[in-house]
Amino acid sequence: MACFYDNSTIGLPIFPNASMPCPPGYYCKDYELGKPETIPRICPPSSDCVISRLQIKLCPPQGPSEPTIVSGGYYAPSQSERLVCPEGYFCPAGSATPQKCDWLSVCPEGTRYQRSLNGVAIMIVLDLLIVLLYIFSQRHRVYDRIHRILKKPLKSKISEPEPEKRDETVDALVSAFRKGMGGRDIRTEFKFKDMELEIDGKKLLQGVTGCIRHSRMTAIMGPSGAGKTTFMNVLRGKVSRTGGTLWINGKEAEIHQFKKLMGFVPQDDIMIRELTVRQVLVYSARIRAPRSWTTAEIDEHVDRLLVSLNLAHVQHTKIGDEVNRGISGGQRKRVNIGMEMAAVPVCIFLDEPTSGLDATAALEVTEILKQITRLGITVVSVIHQPRVEIFESFDDVLLIGKGGRTCYFGPCDQIKPYFESLGYIFHPAANPADVIMDILSGKGNNPSGLLTIDDLVKRALKSDSKPVSSALMVADVKKTEEVIDLTEVSSSAPVAADDRPAVVQETEQAITDEQYAAEEPEQHAAEPTTENLEVDLSERQQVAISIDEKTTDDNFHLLAPALVKDRGASFLTQMIWSHNRSLLQQVATPESFALECLVGLLAGLIMGTSVLSANDLYIGTLVPPFTTLSSSTVEWVIPQLGFFLAAAAALAASPAGVKVFSEERVVYWREASSGHDPTAYFIGKSFSVLYRLCVTSLHFAVIFHVLARPLISFQKLYVVILALFFGVYGLSSAISMIVARENAALLAVVICLFNAVFTGFGVTLVDGHNWGLSWLFDMSFYRWAAEAIYTESVLPFEGVYLVYKSAEKWGYTLNRFHYDVGMAVVSGLGWRLLAYVLMKDLNKSKQ
């Protein structure tokens with residue numbers, strides 16, 4: 001039979017003989033096996049047919065026996081039969097059988113690609129479930145609002161105590177602290193001599209000498225730039241000193257060896273602002289309190305802290321910040337202190353705890369610190385411009401003048417007489433602290449002549465062994481007797497041996513009277529003694545000091561190693577609590593989560609709309625022997641789609657990925673310096689974000705799949721999008737560890753967008769191989785995600801188009817979807833590993 005366009009020819013036979021069947025997906029009209037005259041033939045195309053093929057359109061047969069590919073919306077159950085795709089099924093180009101649509105899919109008759117809505121249903125159900133869970137989690141707040149409307153305020157679980165009951169609460173705290181010390185009365189004091197620090201040839205501290213007694217509140221004062229905070233950091237071991245000696249309870253040691261027994265309250269109120277007061281304190285206690293404490297004991301300890309710190313009435317109130325209103329500045333400062341008390345320390349260091357507070361709030365904080373000393377805790381505080389009542393609340397004062405030198409050390413009530421003995425005049429109405437600051441600044445009123453800082457330092461060194469130290473020792477006896485009386489009250493209900501940590505019991509069992517008696521005096525040979533002090537003490541006072549110092553020293557150095565070993569939760573517990581705290585943060589900021597879901601939805605909407613009008617996302621070269629019937633190919637859309645999906649994921653996920661760690665970097669520094677395991681924190685925090693990541697990527701995948709109608713199933717598309725988001729979060733986390741928080745989001749977006757080039761579109765994987773950069777492509781999760789999408793998008797056409805030739809052009813490898821997804825996840829884990837290393841190794845001095 002002649003061709004339509006050229007009647008002079010009958011066309012070229014496709015098959016060499018009549019024994020070859022027409023392959024599935026092709027329509028060979030009138031062809032019968034075994035009849036050579038019915039063999040399909042290719043005819044010369046007409047000009048209209050050529051134009052159609054150039055425009056990527058199917059051209060009708062150019063002869064009565066010319067075969068053709070089965071167009072979309074149809075299927076060919078046999079080589080000579082072509083049927084319309086029935087309702088409930090879809091038939092892409094080259095279909096031999098119709099494919100059943102998923103549940104909740106729109107598939108009318110003649111459907112080319114299904115429009116699946118099952119992802120939409122899953123998303124709606126999940127969103128409703130999240131909303132209900134959030135409402136349930138906030139039920140206490142809803143009840144509270146209802147009662148406010150009805151003018152019937154709810155009673156807190158712990159109400160503010162009556163004045164006569166506050167002492168009972170403090171006594172209970174003493175019992176808790178005593179139990180935390182293994183049932184023993186352990187106190188800590190420090191003596192230091194000639195402490196020095198020199199950096200780049202500049203001496204920041206020079207010959208600072210003194211002591212910090214237990215159960216007392218010691219103030220470190222001095223003009224700005226004198227080195228107050230520097231001295232505290234050197235004392236705590238945060239900065240390595242260049243000279244001097246430190247004794248802890250009579251033995252030369254370093255404080256950082258016992259950091260789990262110490263507390264440090266920074267000047268800034270560093271805490272998770274989205275959490276409530278109680279949540280902050282409970283977390284600190286869970287992570288740092290003795291490991292042997294039960295949940296009930298920890299909760300009871302936090303209850304007592306809330307009462308003693310006057311925070312019970314705001315325990316369920318968020319901390320808040322400059323934007324979101326929460327508790328007051330004074331209350332936040334007390335929470336800052338409570339975070340350290342929750343750890344049951346033997347000593348608390350504070351850096352300007354009254355800064356930024358009004359006079360009343362500052363005094364209240366000082367009174368809290370004064371109460372803390374009743375627990376037997378040593379309190380050391382850098383203080384700046386205190387009011388009279390605050391200044392007089394301190395037991396001892398260490399004055400540091402310019403150049404980091406000691407200008408006075410001794411009892412607070414002796415500082416005024418001391419400087420008056422040097423000729424300085426204190427106006428009766430003046431604040432002694434202000435006058436002292438004037439003196440240290442060289443502006444003091446001294447009719448007999450101004451003394452320089454050098455003169456004050458020399459006089460302080462001369463008087464250090466007599467009037468100052470003697471007054472300190474007399475005051476210390478009175479303070480010791482006060483704390484001993486309180487301890488006797490707490491010891492009326494002693495801690496059972498079985499309730500104490502096993503390590504403490506073992507250590508205590510190993511201590512015998514012979515070991516106490518056999519302690520060699522040489523151990524204290526280098527310690528500054530007070531045997532030459534000219535102090536008029538009664539025999540009872542001297543005995544009290546001797547017994548107290550020996551008991552304190554022995555208890556600390558014999559039991560401290562065991563206590564340090566018992567302090568802090570296990571690795572698994574820390575990881576779980578880090579995970580749970582992060583979830584609480586996310587619950588506390590629902591608007592952030594909703595915005596992230598909306599951004600994912602919009603990103604998917606934009607990507608889906610971009611290919612909404614496309615009938616076919618892939619048209620390749622027809623397989624032999626039909627290759628000459630091929631139209632222009634559309635092999636670039638799927639790689640381009642992979643590129644744009646990667647870019648959209650970068651825009652949608654990178655800002656949120658940056659916030660995972662950058663928003664609380666200073667919180668991590670504080671907790672790590674207190675003994676929080678960095679690995680447990682990182683793993684717990686990373687796991688807590690996975691739920692958020694799954695939901696936001698679901699919104700992206702759902703809207704894109706509905707609009708684009710790709711051949712890849714919704715389940716597989718979601719897995720790929722999830723892997724993309726997982727990788728973007730990991731890369732963004734690594735970036736957030738390097739740059740400042742305010743710059744991290746923008747930089748993360750730019751870098752993640754740039755990395756989209758590794759999808760293989762534009763610069764193909766073949767180009768990367770030719771340039772010797774295949775390893776760089778292989779490191780990118782974008783490359784593997786793009787290959788997974790390409791595989792699932794072209795493999796359905798395997799018997800119709802030359803799909804492997806197409807993949808070869810871009811450098812993709814087909815038929816390894818699970819491997820591609822796995823490699824994308826591995827790449828995301830690699831970025832997280834880098835983020836972890838950066839978190840630990842950068843800013844080590846702050847940890």
Side-chain angles (χ1 to χ4, degrees), residues 266-274 319-324 578 581-582 585-586 588-589 591-600 602-603 606 643-644 646-673 678 681-682 685-686 688-690 692-693 696-697 700 724-759 776 779-782 827-847:
Q267 180 177 348
D268 298 324
D269 299 326
I270 300 173
M271 59 193 71
I272 304 294
R273 300 298 182 93
E274 296 88 357
I319 301 297
D321 52 26
E322 293 76 10
V323 178
N324 302 303
S578 176
R581 180 179 67 171
S582 181
Q585 289 177 255
Q586 297 177 50
T589 55
E591 62 282 352
S592 175
F593 176 67
L595 180 62
E596 193 173 337
C597 291
L598 179 62
V599 170
L602 292 176
I606 294 172
F643 173 83
F644 284 123
L651 292 171
S654 54
V658 164
K659 293 177 63 177
V660 175
F661 293 101
S662 66
E663 294 291 322
E664 56 184 67
R665 198 187 312 181
V666 292
V667 175
Y668 161 72
W669 292 340
R670 175 179 183 176
E671 292 174 346
S673 65
Y681 164 80
F682 186 87
K685 184 77 174 176
S686 297
S688 70
V689 180
L690 292 181
R692 187 187 195 104
L693 191 149
T696 53
S697 58
F700 183 102
L724 272 176
F725 272 62
F726 182 77
V728 171
Y729 262 69
L731 177 56
S732 300
S733 296
I735 294 170
S736 70
M737 300 296 180
I738 303 174
V739 299
R741 180 181 61 181
E742 54 271 17
N743 300 325
L746 177 60
L747 184 62
V749 169
V750 172
I751 292 179
C752 290
L753 281 175
F754 173 76
N755 273 265
V757 72
F758 297 119
T759 57
L776 191 59
M779 288 175 58
S780 174
F781 51 88
Y782 286 128
S827 177
L829 290 173
W831 286 113
R832 280 167 173 77
L833 179 61
L834 176 62
Y836 169 74
V837 173
L838 293 173
M839 183 188 75
K840 282 197 65 176
D841 291 349
L842 296 180
N843 301 292
K844 267 194 170 182
S845 61
K846 298 179 181 179
Q847 303 177 38

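Here the structure is a predicted model, which means the values were calculated and not measured.
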**Student:** What pair of heavy atoms forms the shortest contact from S688 to S582, and how long is it?
**Tutor:**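 So the two residues come closest at OG-OG, 2.6 Å.
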
**Student:** Measure the spacing between OG of S780 and CH2 of W831 and express it to the nearest 0.5 Å.
**Tutor:**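 Here the rounded value is 8.5 Å.
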
**Student:** Determine the minimum heavy-atom distance between C752 and S654, stating which atoms define it.
**Tutor:**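 In this case the closest contact between C752 and S654 is SG-CB, 4.0 Å.
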
**Student:** Could you state the interatomic distance from CZ (R273) to OG1 (T589), rounded to the nearest 0.5 Å?
**Tutor:**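 The CZ atom of R273 sits 15.0 Å away from the OG1 atom of T589.
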
**Student:** Parallel, tilted or perpendicular for F725 and F700, by the 30°/60° rule?
**Tutor:**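 Perpendicular.
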
**Student:** Please check if any side-chain donor atom of E663 sits under 3.5 Å from a side-chain acceptor atom of Q585, or the reverse.
**Tutor:**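 Looking only at side-chain atoms, Q585 and E663 do not form any donor-acceptor pair under 3.5 Å.
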
**Student:** Under 3.5 Å, side chain of N324 to main-chain N/O of G320, donor-acceptor pair present?
**Tutor:**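 Pair absent, no side-chain N/O of N324 close to backbone of G320.
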
**Student:** Quick one: are the ring centres of F781 and F726 less than 6.0 Å apart?
**Tutor:**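 They do not qualify: ring centres at least 6.0 Å apart.
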
**Student:** Rounded at 0.5 Å granularity, tell me how far CD1 in I751 sits from CD1 in I735.
**Tutor:**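 One finds 3.5 Å between CD1 of I751 and CD1 of I735.
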
**Student:** Please determine if E671 and R581 form a salt bridge, counting it only when a charged side-chain N lies under 4.0 Å from a carboxylate O.
**Tutor:**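 Judged by the 4.0 Å cut-off on N to carboxylate O distance, E671 and R581 do form a salt bridge.
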
**Student:** With the side chain counted from C-beta on, respond yes when P678 and F682 share a heavy-atom pair under 4.5 Å apart, and no when they do not.
**Tutor:**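 With C-beta onward as the side chain, the pair stays apart.
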
**Student:** Just by distance, do the side chain of S733 and the backbone of Y729 share a donor-acceptor pair under 3.5 Å?
**Tutor:**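 Yes; at least one donor-acceptor contact below 3.5 Å.
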
**Student:** Nearest 0.5 angstrom please: L838 CG to F661 CZ, how far?
**Tutor:**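 With rounding to 0.5 Å, CG (L838) is 11.5 Å from CZ (F661).
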
**Student:** I'd like to know if the side chain of S732 reaches the main chain of V658, judged simply by a donor and an acceptor atom lying under 3.5 Å from each other, with no hydrogens or angles considered.
**Tutor:**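 Answer holds: no.
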
**Student:** Sub-3.5 Å donor-acceptor pair from the side chain of Y782 to the main-chain atoms of L753, do we have one?
**Tutor:**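 Side chain of Y782 to backbone of L753: no pair is present.
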
**Student:** For a quick test of reading the model, state the closest non-hydrogen atom pair linking V739 to A744 and the distance between them.
**Tutor:**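 Looking at all heavy atoms of both residues, the shortest contact is CG2-CA, 3.5 Å.
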
**Student:** Measuring from atom CG of L595 to atom OG1 of T696, what distance do you get when rounded to the nearest 0.5 angstrom?
**Tutor:**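 Nearest 0.5 Å value for the CG-OG1 distance: 11.5 Å.
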
**Student:** List the atom of S673, the atom of K846, and the distance in Å for their closest heavy-atom pair.
**Tutor:**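 In this case the closest contact between S673 and K846 is CB-O, 4.4 Å.
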
**Student:** Under 3.5 Å, is there a donor-acceptor pair between the R692 and S592 side chains?
**Tutor:**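 Short answer, yes.
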
**Student:** Of all heavy-atom pairs between M271 and I319, which one has the smallest distance, and what is that distance?
**Tutor:**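 M271 and I319 have their closest heavy atoms at SD-CG2, 3.7 Å.
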
**Student:** Looking only at heavy atoms, which two atoms of I738 and L842 are closest? And how far apart?
**Tutor:**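 Scanning both residues, the minimum pair turns out to be CA-CD1, 4.5 Å.
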
**Student:** Please walk me through it: do L598 and L602 pass side-chain contact (heavy atoms from CB on, under 4.5 Å)?
**Tutor:** CA-CA 6 Å; L598 179 62; L602 292 176; 4.2 Å; yes

**Student:** For K685, look at atom NZ and say whether over 12 heavy atoms of other residues, nucleotides or ligands are found less than 6.0 Å away.
**Tutor:**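 Atom NZ in K685 is packed in, count exceeds 12.
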
**Student:** Quick test of your reading: applying side chain to side chain donor-acceptor pair (under 3.5 Å), list the pairs with at least one residue in residues 832-842, sequence neighbours left out, ordered by first then second residue.
**Tutor:**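 Residue pairs passing side chain to side chain donor-acceptor pair (under 3.5 Å), neighbours aside: T679-Y836.
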
**Student:** Can you measure from CE (M839) to CZ (R665) and round to the nearest 0.5 angstrom?
**Tutor:**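 One finds 11.0 Å between CE of M839 and CZ of R665.
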
**Student:** Which residue pairs satisfy the side chain to side chain donor-acceptor pair (under 3.5 Å) criterion with at least one member in residues 736-753, sequence neighbours excluded?
**Tutor:**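 Sorted result for residues 736-753: empty, none.
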
